[in-house]
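For reference, the structure discussed in these notes is given below.
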Amino acid sequence: MTDSTTLGLVGGLLQAVVIVAGAPLLVGLMRQVRARMEGRVGAGIRQPWRDLRKQFRKEPITPRGTSEVFRAAPVAMVAITLVVAAIAPFVTAASPLPGVADLFVVVALLATGTVAIALAGIDTGTAFGGMGASRETTILALVEPTALVAIFALSVRAGSTNLSAIVDSTLAEPSAVLSPAALLAAAALVLVIVAETGRLPVDNPATHLELTMVHEAMVLEYAGPDLALIELGSAMRSAVYLGLLANLFVPWGIATEAGVLALLVGVVAFVVKVGVLGAALAAAEVFLAKVRLFRVPELLAGSFLLALLAVTASYVLA
Amino acid sequence: MNTVEVALGCAAGSALLAVLAALVVRRRARPAVVGTLTAITGAAGVVAGAAALLGERFAVELPWIVPLSGIALTVDGLGAAFLAVSGAVAVAAAIYGIGYSHHGLDSRGVQATFPLFVLSLLLVPAAGSITTFLVCWELMALTSLVLVVSEHRRRAEVASAARWYAVMTHLGFVAVLIGLLILSAPADGDAFAAVRAAAADLSPAVAGTAFVLCLAGFGSKSGIVPLHAWLPRAHPEAPSHVSALMSAAMVNLGVYGIVRVGFDLLAVDAERWWWLLVLVLGAISAGYGILQAVVSTDLKRLLAHSTTENMGLVLVGVGASGLFASIGSPVLAALALTAALMHVVGHAAFKTLLFLAAGSVLHATGTRDLDSLGGLRTGMPLTTAAFGLGALAASALPPGTAFVSEWVLLQSLIHGLPAPDAAPAAAPTVTVVVLPLAVAVVALTAGLAVVTFVKAFGVGFLARPRSDAAAHAIESPATMLAGMGLAAVAATVLAVAPTLVLPTLGRVAAGLVGSPAPIADAVSVELVGVTGLLSPVLVVVALVVAAVLVVAIPRVLAGRRARREARLWDCGGGPLSPRTEYTATSFAEPLQRVFDTVLQPVQDVDVTHHQESRYLIAAVEYRRRVPDRIERHLYEPVLSFVTRWGRAGRALATGSVHRYLGYGLCTLCALMLLLVLA
Amino acid sequence: MTTLLALLPVLVPALCAVAHFAAGHRRGPAKAALPWLLVGSAAVLLGDAIVLAALVLTDGPVVAAGGLLRADALSVFMLVVIAAVALLSGLATPAHLAAERAAGRAGTRTAARYCALVQLFVASMAAAVLAADLGVLWVAVEGTTIVTAFLVGVHRSRAAVEAAWKYVVICSAGIALALLGLVLLHYAAHRAGTGAGLDWAALVLTAPTLDPGVTRLAVVLLIIGFGTKAGLAPLHAWLPDAHSQAPAPVSALMSGVLLSVAFYAVLRTKVIADLAVGPEFAQALLLASALASLAVAASLLIAQRDYKRMLAYSSIEHMGLLALGAAIGGPAAIAAVLLHVLGHGLVKSVLFVGAGRLLQIRGTSRIAEVRGLAADQPVLAGCLGAGVLALIGMPPFSIFASELGIARAGFAAGSAPLAWATAIALVLVLVIAAAMVNHTSRMLLGEPGPRPEPSGGTTLTRTASQLAASTGTALIGGLVLAAALGITAGPLAGLLDAATRTLTGGTP
Amino acid sequence: MSDTAYVQLLNLTAGAVLLCAVLVLWRRELAVIIRLFAAQGVALAALIAVLAWHEGSPELAVLAAGVAVLRAGVLPAVLRRALGTAREGTEPVREVRPVVNVAASLLAAALLTLLAFAVSRPIVELAPSPATQAVPIGMAVVLIGFFVLVTRRRAVSHLVGFLLMDNGITAVGFLTTAGIGLIVEVGVALDVLLALLVLQVLTGRMREAFGNTDLDELRELHD
């Protein structure tokens, strides 16, 4: 067993545990930051975990007339996110499954998770479920070009879309982080992440008005352990996306060799980076209002332009 | 005597036997006999293709068939790939057809034509000369046309679809005919080998004309924009197993033609603009096709539009491959061509599955309108599962079939730009602009495909039934399920273990562009020459393991409690009626608004007021139609020109005998004058 | 023996005609069998043609009747075409006449006269292709006009009289030009002093000695003249009228072979012209005529309202294709032209017989008034559909092979104008195919609407609307033959080859 | 006979043939037109007779007699029969309104004659002789006959136009060579006669079906 495989396996396991355990805390942190900035006391960053524990213990309830899709969707979504959490370079640069740790695969896997929830939303047969699914998939479709072209921009330098390769190339050549291409790509990816994780200004995760909901509308019918899985899954998605953003552009601290210390540094660095990004995102949200659904394409068109410029810049300006 | 020869002989023999059986066997047993024999034909085609892919070669000349030219069959790697795909689709479709044909399709004519259609699908890629190719091509057009009209008494649209199909296919044929004849003009004989040898001496302008004509003709067969108009008409109106054959096997042969002409008959280092044209047309088709699919509410029409999209993606691969070959990177060219071929194979599998499942729905409910389907899972669980699998495969999400090929395509595209430190002259400016846009189009297409298939599967099969027909649907007969099952297995195998075929396809592509094989022989998809690694098996394994963990861990930690059913949240208004459900139309509405300027939908809202007061509304009627813009701006002027031509033409024959004689006198005098002057 | 063989094709139908005339004036049980005599004479003709073919292929051309008749491979090939189409048309005749009698449109006397005229028609066509002398050929071709004039006008309705008048006047005027051409050709031959007269075999041998100036004028006149009879533009306009008004079996003969017989004369002329004034001259003339014919056919087919006229215009199209093939020249194109003659003859006669049957059933020849035929009359509709598909050049029918052959030869000839002309012709053929498919599909597909009352006021009984076995045999047999010919030329290959050589090889 | 007399007679008869053709264009009464046609037949027979005389060929003389009988006797008689039944009806016996009016017709005839002369140059040049020099006249008559066909609306004038063409061809035939073979000659004559008879029968039927013989009525078959 080679060194990098060991590192990958250990790191992958560690990453998965860190993200599962930490994701609700990240959500708690973001809520807390928001609450404090809005002048509220807040429920504390452990509140999401307390909610999850309560919901996991409840009786599972399925609405009448729904199919297996409804029941399987939360599992599928969490499982997919878990896979991504395990294979992407968060704590270690090596991956347990190099054949999966491809940026295209990761983005597509996360989209598959979204699709599972969207199908569940339709499966309920309620107007809100359908509406949420329709909006969610629309946004997903429009985000896709930005995401892939941004990946293109990132991969030009590394000559590969393999996540470890991209991270390695950034580590090898730190100045590239400040290149125009990388900055433009980062900006584009931020918008992608905002849209994919359902944050303001694309979607308001805290809304209680069904007609403005996107993500929440799809999951209205979930309760008990199913809802817990959904909540956990969403939190993990946020963590994964933020982690990807952090490590693709600022990979320092990531463990490149097997060793307790290196892994510990990797975990800490990851937690800090994601925490800072999450806090920043939450802070920014305070000053934003949700845009109308039909203004979202404009936002995404802007991010697409950034991504395209990033590709061109990576070739022309480098 | 080699395997290919025996298998092809078997295919022809059993197809002809099937025709005979269709004519003599009594009606009740006819579909079973014909279906079985046709399935054998298809299977023989698969065997022939597989054997040829593994390296056997086969060529035969039959000069006594077809007067004036004779027939020549040659099976090489490229042809073999398409031969095998057509055969495989035919097996599933033929078995499915046994059950489906009891639905009023068991007449002698239809049953006798079906095996011939399958045979012609097998023979087109096996053609070894231009005449043979054209004969099989037209035979394919003719037999499919007959099959398209087979339900003409049931729906009025069938006749119109058939007209579109007949005219467009003939248009394509004439374009191909002229193109190929230009190519073969300087050649000694019309065998592909002779044409290949002579093509090197063609002037660029002549070769370009020939290529563009072939592109137009073959593109129209593949439903490439702007010659796609027949496809969303004819494919849905054909019986579903025929739709599957047309959409999964016949359209491929257009791609085959383009590759055959572009990479084989004409020199590989062909000019750049052709391939740019191919790429751009492919990109436009992909985008336009999927946009039309997103807003379709007719299940089979949606699938037909999706065919245009997928063929567009294939052409993006083919065009990129030619572009790479022309700028001197054969490795990338082989990779892009492999992606295109893989997409052809994958598309064949999932489109067969989807069309067969759609046919099953049509069979059970009598409708293709998504807005009146829904809730089919209860009555038709297997069909639902089949369609779900197909939808996953078609939407290019892992672990689906199309994901693998699109991944390879994206890999070839993003490696098309050299690393920034390479010499700037290494890539011409055009690729710097074209490749990112191509990636964007592929991405947008993939995203919209997700919406399309979430809509088709979610609205069509999940939720609650929106009509009585959907509520009382029952599962289809076993043969139909078996057909779907075969296609489902193929789609799954291709999704999980694409390396069963990818390296082989890679070798075929490499042979065409003259490069080493672009895909390594391994369990994972490992690119050779550029960095790239994908392991679909591991993706699936990881997902399964994760899912087990996700199910197990909460149960261990929180204990297991029985699941209970409860009422949906209905805002306290009592049980929800199907009218409150989201429909396919409403599902696609946001995207329709986003792409308003491209689609230009026509919407009418009629508000009926109460008699008593203008402020009270009795009913609101909303109608939406998304007419094909390209059709309106391209076809209508042509049609109206032809109509005017026809009307003006009548002036030639007014009935006046003086005028008729006058034509003669004038011509005579003019000719005499010419004689005098000359 | 050989003399008898060469004379039989003319004598047998002529004698049968006498028999018909005689029988028409007598009453007796033999009446019912009378129309079958057509089949008999056609069969004899076919058998004779086969024997002649064997003879000609082994021993070379057969000369008979004091040098007036001469059978070479081309003549025999044309004889085969005539016999095959006459057989199909003959098979359809009994049922046609029975239906006409049932509808009160024809008496016994008319029927007998009709049969006699058809026999004379066949005899004069046979004479035309067997003639050794261009003059005799001319006489025979003009003879067909005279014989068929009464067949076209057999109904004596306004439309029939009109069609007959136009037919006779336009064809006679055209053929008169051909006569003038012959006179000039004879003059040129006379001045050349070779004593060839109008014997075309001799003319071909001595063609290079002919005066080019006079020959050019003669060729122009001959091509326009015989082209008139062949339905080539510009003097094509009689064709749709005559073919749509003639009784179905006669239309079949006229469209299926008469046009080709006239075109045979054009082919013979072209051989002489090529040798005398160079190939470009006749090529240019034929090319112009071909494209004009195709353009005319396309223009009038797009918005065609009458299915019999549709078939007639399609004949103009196919004659245009033949002219194109002849213009291209060379063995490949000429072989394709000859195959096209046979394929077109078979298919077009099937279609005209089918259309005639349709007219009897539905009482209208308007396309718009026929709907959902496939539901009512599956066999008839199937034959019409298959025939139209064959006509627009779909495999496996032989028209596909021959059109492909012509197109290939056009591009392979290596001259840009020919390639362009072929490309334009193919586009026009596409327009024509689109129009034909459009019109035919409207007639055949869909649910039959409420049956319109036949305009003639004669309602057909159930039995009358059934397809007679003999007619069915003709329809299906013709299509099967055309398809078989498209799959393999079989025994005809040798004859086709030899006939091609007579037109391209120089030595007749 | 002296050569000059031969040439003069030849030119005279040939000129008469052409003159008759032009006069057909000029006159409107159908009866007069038929008479002019008969006159042309006589002139044609005379032309052949002159040739026969010059070459001393009794064969030609017989042919001249045959032509005289057919073209000055039989054919006009058939035409008169076609017209004769018309007299009993109410239809006009004049070419009332030709497609091209008389003045333009005469101009056209002049142009056609010029064209005939131009196009016949190679014929004359091949073997210059008094006879071949008259060939253009025959050509001109053919063209004028065709022109009559194109522009005259009455059935009888149509018949005359057709026969004018035929006369022209006969003239060319005799002027260029001494006949084109007896069987062919007889065949041609028979064909012409039969065609005329067919047309005469059709004229009768037309009168039955349409009430007159105005060819403008024949407009039912069109697209």
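Excluded from the calculations below are hydrogen atoms, water molecules and symmetry mates; all remaining heavy atoms, backbone and side chain alike, are included. Note on naming: letters A, B, ... go to the chains in the order of the sequence lines (proteins, then strands), and numbering restarts at 1 for each one. Predicted, not measured: the structure shown is a model, and the values here were computed from it.
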Inset, instruction - Under 4.5 Å heavy-atom distance to chain B, tell me which part of A:Ser155 shows up: side chain, backbone, both or neither. - result: side chain
Legend entry - Other residues, nucleotides, ligands: >12 heavy atoms within 6.0 Å of A:Arg295 CZ: no
Legend entry - Proximal component of B:Leu527, with respect to chain A [non-hydrogen, under 4.5 Å]: neither
Legend entry - A:Ala133 portion near chain B, given a 4.5 angstrom heavy-atom threshold: both
Legend entry - Interface moiety of B:Phe403 toward chain A, non-hydrogen atoms closer than 4.5 Å: side chain
Inset, instruction - Could you tell me which portion of B:Leu543 (side chain, backbone, both or neither) has an atom closer than 4.5 angstrom to a non-hydrogen atom of chain A? - result: both
Inset, instruction - For residues B:Ala546 and A:Ala79, report the shortest heavy-atom separation together with the two atoms involved. - result: CB-O, 3.4 Å
Legend entry - Part of A:Val78 within contact of chain B (heavy atom distance under 4.5 Å): both
Inset, instruction - State, without any angle test, whether A:Ser134 and B:Glu589 hold a side-chain donor-acceptor pair at a distance under 3.5 Å. - result: no
Inset, instruction - Mind checking the CG-OG1 spacing from B:Leu392 to A:Thr112? Nearest 0.5 Å is all I need. - result: 7.0 Å
Inset, instruction - Flag the one option from A:Ala153, A:Pro98, A:Ala108, A:Ala158 with the top tally of heavy-atom pairs under 4.5 Å to chain B. - result: A:Ala108
Inset, instruction - Might you point out which heavy atoms bring B:Pro436 and A:Val149 nearest each other, and give the distance in Å? - result: O-CG2, 4.1 Å
Legend entry - Least distance between heavy atoms, B:Pro590 atom then A:Thr138 atom: CB-OG1, 3.8 Å
Inset, instruction - Could you tell me whether A:Asp123 and B:Arg464 make a salt bridge, using a distance below 4.0 angstrom between a side-chain N and a carboxylate O? - result: no
Legend entry - A:Ile151 versus chain B, the contacting section by heavy-atom distance below 4.5 Å: neither
Inset, instruction - Begin from the C-alpha positions of A:Leu119 and B:Phe453 and carry the test side chain to side chain contact (heavy atoms under 4.5 Å, CB included) through to its verdict. - result: CA-CA 10 Å; A:Leu119 282 175; B:Phe453 285 100; over 6 Å; no
Legend entry - ring pair (Phe, Tyr, Trp, His ring centres under 6.0 Å) involving A:Phe304 - partner list, sequence neighbours excluded: none
Inset, instruction - Apply the test side chain to side chain contact (heavy atoms under 4.5 Å, CB included) to residues A:Thr126 and B:Thr580: give CA-CA distance (whole Å), side-chain angles for both, the deciding distance (0.1 Å), then the verdict. - result: CA-CA 7 Å; A:Thr126 62; B:Thr580 63; over 6 Å; no
Legend entry - Part of A:Leu308 within contact of chain B (heavy atom distance under 4.5 Å): side chain
Legend entry - Best-contacting candidate, B:Val454, B:Leu448, B:Val537, B:Thr583, against chain A by heavy atom pairs under 4.5 angstrom: B:Val454
Legend entry - B:Val539 versus chain A, the contacting section by heavy-atom distance below 4.5 Å: both
Inset, instruction - Look up atom CZ in A:Arg57 and atom CG in B:Leu557, then write down how far apart they are to the nearest 0.5 Å. - result: 9.5 Å
Inset, instruction - Nearest 0.5 Å please: distance from the CZ atom of B:Arg567 over to the CZ atom of A:Arg64. - result: 8.5 Å
Inset, instruction - Measure the shortest side-chain to side-chain distance between B:Gln411 and A:Thr161 over non-hydrogen atoms and say whether it is less than 4.5 angstrom. - result: yes
Inset, instruction - Can you measure from CD1 (A:Ile122) to OH (B:Tyr582) and round to the nearest 0.5 angstrom? - result: 10.5 Å
Legend entry - Residue, of B:Ala446, B:Gly388, B:Ala562, that accumulates the most heavy atom pairs under 4.5 Å with chain A: B:Ala562
Inset, instruction - Heavy atoms only, distances under 4.5 angstrom: which of A:Ile80, A:Val105, A:Asn162 has the most pairs with chain B? Name it, please. - result: A:Val105
Legend entry - Closest contact, heavy atoms only, A:Pro145 versus B:Ala440: CB-O, 3.9 Å
Legend entry - Residue part contacting chain B, namely of A:Phe70, when any heavy atom lies under 4.5 Å: neither
Inset, instruction - Determine whether more than 12 heavy atoms belonging to other residues, nucleotides or ligands lie under 6.0 Å from atom CZ of B:Arg563. - result: yes
Inset, instruction - Check for a donor-acceptor pair, side chain of A:Thr137 on one end and backbone N or O of B:Val451 on the other, with a separation under 3.5 Å. - result: no
Legend entry - Contact class of B:Ser586 relative to chain A, heavy atoms under 4.5 angstrom: backbone
Legend entry - Note, B:Leu568 side chain near A:Glu221 side chain (heavy atom, < 4.5 Å): yes
Legend entry - CG on B:Leu397 to CG on A:Leu140, rounded to 0.5 Å: 7.5 Å
Legend entry - Working for side chain to side chain contact (heavy atoms under 4.5 Å, CB included), residues B:Leu534 and A:Phe104: CA-CA 10 Å; B:Leu534 170 73; A:Phe104 286 132; over 6 Å; no
Inset, instruction - Check whether A:Leu82 gets within reach of chain B through its side chain, its backbone, both or neither, counting any heavy atom under 4.5 Å. - result: side chain
Inset, instruction - Could you check if a side-chain atom of A:Asp102 sits within less than 4.5 angstrom of a side-chain atom of B:Trp407, using non-hydrogen atoms only? - result: yes
Inset, instruction - Determine whether A:Leu142 and B:Val594 make a side-chain contact, defined as any pair of heavy atoms from C-beta on separated by less than 4.5 Å. - result: yes
Legend entry - Which portion of A:Pro225 sits near chain B, non-hydrogen atoms under 4.5 angstrom: neither
Legend entry - Atom group of A:Phe56 that falls short of 4.5 Å from chain B, counting heavy atoms: both
Inset, instruction - For the pair B:Arg377 and A:Glu68, find out whether any cationic side-chain nitrogen is under 4.0 Å from an anionic carboxylate oxygen. - result: yes
Inset, instruction - Would you indicate whether the side-chain heavy atoms of A:Val156 and B:Ile414 approach each other to under 4.5 Å? - result: no
